[in-house]
*Asks:* 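I am attaching a structure below and will ask some questions about it afterwards.
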Amino acid sequence: MYNETVMDHFSNPRNVGVIEDADAVGEVGSPSCGDTTKVFLKVKDGKIVDIKFQTLGCAAAIASSSMLTEMAKGKTLEEAMKITRDEVAESLGGLPEKKLHCSNLAADALRKAIENYYNKHKIDWV
Ligand code: FES
């Protein structure tokens, strides 16, 4: 059902955990299944220097979160804000049709974390 890349990121997820002194945090829940993803960011000079996630969810959600952290690390907040749900799924080599919604959690949680950072620092981001 899942390709090798998805299985790899599910079995050996990158950047799992909590950043205790995170500069920003974003959390989202899926209305359809109740699963949740939380993203923690460390930001320096406008760049994501560290990122971790906690996902209570299915294999596709965990693999998507893992892939997303790899995509976002080292990017500026502006660049990371542009990572789309589709790009996460594409970077995983695709997900089964009925699991596509699971890749939304990661991208949405990252966006929330960036919004959290902008709001904390009163940065106009719209
Ligand atoms: Fe809930 Fe995949 S079934 S995120």
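These numbers were taken from a predicted model, which means no experiment stands behind them. Note that the numbering runs from 1 along the sequence shown for the chain.
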*Asks:* To the nearest 0.5 Å, what is the distance between CD1 on Ile83 and OG on Ser91?
*Replies:* 8.5 Å
*Asks:* Can you list the residues that meet the side-chain contact (heavy atoms from CB on, under 4.5 Å) rule with Ser11, with sequence neighbours excluded?
*Replies:* Met7
*Asks:* Go through the structure and list residues passing side chain to side chain donor-acceptor pair (under 3.5 Å) with Asn15, not counting sequence neighbours.
*Replies:* Thr69, Lys73
*Asks:* Under the rule for salt bridge (charged side-chain N to carboxylate O under 4.0 Å, His left out), what residues qualify as partners of Lys42, not counting sequence neighbours?
*Replies:*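 Here the qualifying residues are Asp21, Asp23.
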*Asks:* Just wondering, are more than 12 heavy atoms of other shown residues or ligands nearer than 6.0 Å to CD in Glu70?
*Replies:*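 Correct, the count exceeds 12.
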*Asks:* List, one per line, each side-chain donor-acceptor pair under 3.5 Å for residues 50-65, sequence neighbours excluded.
*Replies:*
unit_1	atom_1	unit_2	atom_2	d
Thr55	OG1	Thr37	OG1	3.0
Thr55	OG1	Ser65	OG	2.8
Ser64	OG	Ala60	O	2.7
Ser65	OG	Ala61	O	2.8

*Asks:* Measuring from Thr76:OG1 to Met81:CE, what's the distance to the nearest 0.5 Å?
*Replies:* 11.0 Å
*Asks:* Taking side-chain contact (heavy atoms from CB on, under 4.5 Å) as the definition, give me every residue that meets it alongside Ser30, ordered by chain and number, with sequence neighbours left out.
*Replies:*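 Applying side-chain contact (heavy atoms from CB on, under 4.5 Å) to Ser30 gives Ser32, Cys33, His101, Leu105.
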*Asks:* Taking transitive links into account, so neighbours of neighbours count too, which hydrophobic residues share a cluster with Val25 at under 4.5 Å side-chain distance?
*Replies:* Val18, Ile19, Phe40
*Asks:* Nearest 0.5 angstrom please: Asn116 CG to Leu110 CG, how far?
*Replies:* 11.5 Å
*Asks:* I'd like to know if the side chain of Asn3 and the backbone of Thr5 have a donor-acceptor N/O pair within less than 3.5 Å.
*Replies:* yes
*Asks:* Cluster question for you: counting only ILVMFWY and a side-chain heavy-atom cut-off of under 4.5 Å, with indirect links fine, are Tyr118 and Val28 together?
*Replies:*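 They do not share one cluster, since no chain of ILVMFWY contacts under 4.5 Å joins Tyr118 to Val28.
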*Asks:* Run the side chain to side chain donor-acceptor pair (under 3.5 Å) test against Lys75 and tell me which residues pass, sequence neighbours left out.
*Replies:*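 Lys75 satisfies side chain to side chain donor-acceptor pair (under 3.5 Å) with no other residue.
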*Asks:* Could you see if Leu68 belongs to whatever hydrophobic cluster contains Tyr117? Use Ile, Leu, Val, Met, Phe, Trp, Tyr and a side-chain cutoff under 4.5 Å.
*Replies:*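 Yes: a chain of side-chain contacts under 4.5 Å links Leu68 to Tyr117.
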*Asks:* Please name the pair of heavy atoms, one in Gly94 and one in Val6, separated by the smallest distance, quoted to 0.1 Å.
*Replies:* O-CG2, 3.8 Å
*Asks:* Taking the side chain as every heavy atom from C-beta outward, state whether Val39 and Lys112 have any atom pair closer than 4.5 Å.
*Replies:*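 No; the side chains remain at least 4.5 Å from each other.
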*Asks:* Please identify each residue that fulfils ring-ring contact (aromatic ring centres under 6.0 Å, His included) with Tyr2, with sequence neighbours left out.
*Replies:*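 ring-ring contact (aromatic ring centres under 6.0 Å, His included) check on Tyr2 returns nothing, list empty.
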*Asks:* Find out if a path of hydrophobic residues (ILVMFWY) with successive side-chain heavy-atom gaps under 4.5 Å connects Ile123 to Ile48.
*Replies:*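 Per the 4.5 Å side-chain linkage, Ile123 and Ile48 are co-clustered.
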*Asks:* Checking Asp8 now: which residues fulfil side chain to side chain donor-acceptor pair (under 3.5 Å) with it, not counting sequence neighbours?
*Replies:* Arg14
*Asks:* Listed by chain and number, what are the side chain to side chain donor-acceptor pair (under 3.5 Å) partners of Lys38, not counting sequence neighbours?
*Replies:*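 Lys38 satisfies side chain to side chain donor-acceptor pair (under 3.5 Å) with no other residue.
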*Asks:* Keeping to residues at least two apart or across chains, list the salt bridge (charged side-chain N to carboxylate O under 4.0 Å, His left out) pairs with something in residues 82-99.
*Replies:*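 Passing the test, one end in residues 82-99: Arg85-Asp108.
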